[in-house]
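Report on the structure given below.
Sequence positions, counted from 1, serve as the residue numbers for this chain. Every number for a ligand or one of its atoms is a count from 1 in the order of the listing.
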Amino acid sequence: MERTLAPVQATAPVAPRTGRAHFYPDVADAQWNDWKWQFRHRITKLEELEKFLPIPAGERALRADVLRDFRMGITPYYLSLVDADDPADPILRQVAPIAEEYLFRDVGEEDPLGEERYSPVPGITHRYPDRVLMVISNSCAIYCRYCTRKRIMYEDAVPDVEIDRMVDYIAKTPRVRDVIVSGGDPLTYGTKKLESILSKLRAIPHLEIIRIGSRVPVSLPQRIDDELCAMLAQYHPLWINVHFNHPRELTPDAAAACDKLSRAGIPLNNQSVLLKGVNDDVPTMRALCTGLMKMRVRPYYLYQCDQIRGAEHFRTPVAKGIEVIEGLRGHISGLAVPTFVIDAPGGGGKVPVMPQYLLQHDTKNQRVVLRNFQDRLFVYHEPTGRARSVGERSGELDVDATPPITAETTATNGNGASKAASHAGAPAKNGNGKSASTRSNGSAAARVGADGKPVVGKSRWVHRGHSREERVRKANET
Ligand SMILES: *Cc1c(COP(=O)(O)O)cnc(C)c1O
Ligand code: SF4
């Protein structure tokens with residue numbers, strides 16, 4: 001029977017509901033590219049946000065309540081990165097209040113890092129021996145819902161006398177060689193005002209480097225203009241730490257801003273915060289870190305989210321950060337792997353937290369067992385000052401000479417006895433005490449040396465079913 005095909009329906013092309021063309025179709029380039037226009041047109045009220053993105057009925061009051069605790073600010077540029085069709089959009093989640101923030105508004109602390117406790121003069125936190133944090137601004141281009149410094153965002157200028165007092169403290173504290181100029185966001189100031197502060201700092205002979213912490217290349221890249229870069233270039237050595245959290249923030253505009261800063265001789269490092277629902281998975285962080293490298297920005301820190309009030313819904317278990325770093329280290333350029341840190345509550349400073357690659361340190365036999373990024377195990381011998389015996393070879397542990405007994409291995413070795421034993425749940429032993437199932441791959445003889453120790457360095461690193469602890473234990477039995 002002959003079948004007639006239904007005519008193909010011409011589907012009208014669906015315009016993506018994102019980008020400047022979607023949110024701000026009528027804004028001219030001259031305005032869009034003017035950072036002051038962007039700053040003035042920030043979305044700060046729910047009514048404004050609603051015009052672009054409807055707020056679910058029943059959530060309006062909760063969200064309004066949240067804004068009484070912590071202001072909202074979204075530049076038109078940053079809003080243009082939002083995908084209006086994604087209710088869980090990772091860009092929007094960083095800057096718009098949501099119901100979860102209301103639910104957790106009383107969980108957490110105002111000043112989780114004890115910045116004010118370690119403050120010799122208002123605005124300065126002196127926690128480490130040779131460097132200080134200097135908070136010179138109470139405003140940002142966007143307000144991140146998880147910000148550790150929510151408590152200071154008043155949007156009034158920090159009085160000059162206060163800034164002078166901070167500069168004085170650094171001037172009379174010779175051990176300070178590095179200042180982190182932060183806020184708020186120092187790059188929300190006009191170029192002249194910022195220069196007046198930088199020039200005072202540069203006049204301090206013992207101050208070696210100046211660092212600026214800024215999210216402006218992410219939230220307001222139009223601000224990074226030639227005038228600003230020319231000014232900054234006069235105060236070298238000057239470094240800038242930026243704050244990208246998601247690969248969708250790596251836009252051509254952001255790349256152009258970073259390129260300008262780099263060309264002004266400013267090294268750029270990135271500090272991300274690990275945020276649930278934003279970047280708490282390996283593929284997102286790989287895309288972010290490799291993308292930053294293409295913009296000549298080096299991933300520096302990945303922060304565990306602080307216990308800040310109203311940010312509980314952003315926090316991830318510590319294991320998540322370790323998992324993310326494991327998914328980066330070895331898999332992408334080492335230059336692209338940040339250090340995962342937890343800022344110790346109450347003012348302990350940044351504590352690096354790492355996946356464990358040193359599985360065992362046998363100080364008696366001066367031997368370490370290492371794990372690589374593929375989960376292969378290696379023995380390394382420390383210097384002992386004596387000749388080593390044959391059995392003490394360094395190299396890869398051939399733990400797959402003793403794989404677990406599985407249906408697959410027993411089925412191929414044709415050994416009824418071991419099959420029966422494996423069904424009974426106990427590993428079958430052959431004559432030399434090795435698991436009989438090692439024969440299943442036909443190379444057991446080649447893998448056990450004449451001295452009865454496993455031959456190292458030839459493993460195909462198949463370790464199905466063994467826990468890491470089990471593998472180290474087995475390695476030590478040999
Ligand atoms: C993060 C921080 C610094 C700088 O730390 P580095 O590890 O040198 O980047 C300095 N002071 C305070 C209070 C900080 O929070
Ligand atoms: S830009 Fe930085 S200081 Fe400003 S709100 Fe965001 S995290 Fe806080």
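Close approach to Ile180 involves these atoms of ligand 1, each under 4.0 Å from a residue heavy atom: 3 (C), 4 (C), 10 (C). In summary, the atoms of ligand 2 found under 4.0 Å from a heavy atom of Arg215, numbered by their order in the structure, are 1 (S).
Between Asp160 and Lys193 there is a salt bridge, since at least one side-chain N of the basic residue sits less than 4.0 Å from a carboxylate O of the acidic one. In summary, Glu110 and Arg151 do not engage in a salt bridge, as defined by a charged side-chain N under 4.0 Å from a carboxylate O. Using a 4.0 Å cut-off between charged nitrogen and carboxylate oxygen, Asp65 and Arg105 count as a salt-bridge pair. A salt bridge is absent between Glu100 and Arg145: the closest approach of a Lys/Arg side-chain nitrogen to an acidic carboxylate oxygen does not fall below 4.0 angstrom. Asp168 and Lys172 are not joined by a salt bridge, as no carboxylate oxygen comes within less than 4.0 angstrom of a charged side-chain nitrogen. Between Arg367 and Glu382 there is no salt bridge, since no side-chain N of the basic residue sits under 4.0 Å from a carboxylate O of the acidic one.
Taking atom 2 (Fe) of ligand 2 as the reference point, the nearest protein heavy-atom neighbour is His243 ND1, 4.3 Å. Considering only non-hydrogen protein atoms, atom 5 (O) of ligand 1 sits nearest to Lys350 NZ, 3.4 Å. Annotation: atom 8 (Fe) of ligand 2 to nearest protein heavy atom, Cys147 SG, 2.3 Å. Given atom 5 (S) of ligand 2, the protein heavy atom at minimum distance is Cys144 N, 3.3 Å. The shortest contact between atom 11 (N) of ligand 1 and any protein heavy atom is with Tyr128 CD1, 3.6 Å.
For Thr125, no nitrogen or oxygen atom sits less than 3.5 Å from a nitrogen or oxygen atom of ligand 1, counting backbone and side chain alike. Looking at Asp343 next to ligand 1, no N or O pair under 3.5 Å apart turns up. For a threshold of 3.5 Å applied to N or O pairs, the pair formed by Tyr303 and ligand 1 contains no separation below that value.
At a 4.0 Å heavy-atom cut-off, ligand 1 does not touch Asp178 at all. Heavy atoms of His126 found under 4.0 angstrom from ligand 1: none, in either backbone or side chain. For Tyr301, every heavy-atom contact with ligand 1 shorter than 4.0 Å involves the side chain, none the backbone. The part of Ile142 lying near ligand 2 is the backbone, judged by heavy-atom distances below 4.0 Å. Of the heavy atoms in Met134, none comes closer than 4.0 Å to ligand 1. Residue-level proximity to ligand 2 for Lys150 is absent, since no heavy atom of it falls below 4.0 angstrom. For Arg149, no heavy-atom contact with ligand 2 is shorter than 4.0 Å.
Tested against Cys147, the residues Met153, Gln94, Arg215 include a single side-chain contact (heavy atoms from CB on, under 4.5 Å) partner, Met153. Test Val135, Val132, Leu201, Val158 against Met166 for side-chain contact (heavy atoms from CB on, under 4.5 Å) and you get one pass: Val158.
For the pair His243/Ser272, no side-chain contact is recorded, criterion being any heavy-atom separation below 4.5 Å from C-beta on.
Heavy-atom distances between Tyr300 and ligand 1 reach below 4.0 Å in at least one pair. Heavy-atom distances between Glu115 and ligand 1 stay at or above 4.0 Å for every pair.
Between Tyr24 and Phe52, the distance from one ring center to the other falls under 6.0 angstrom.
Asp306 places no side-chain N or O within 3.5 Å of a backbone atom of Thr148 that could act as its donor or acceptor partner. Side-chain atoms of Arg329 do not come within 3.5 Å of backbone N or O of Pro355 as any donor-acceptor pair.
For Cys140, the nearest N, O or S atom to atom 4 (Fe) of ligand 2 falls under 2.8 Å.
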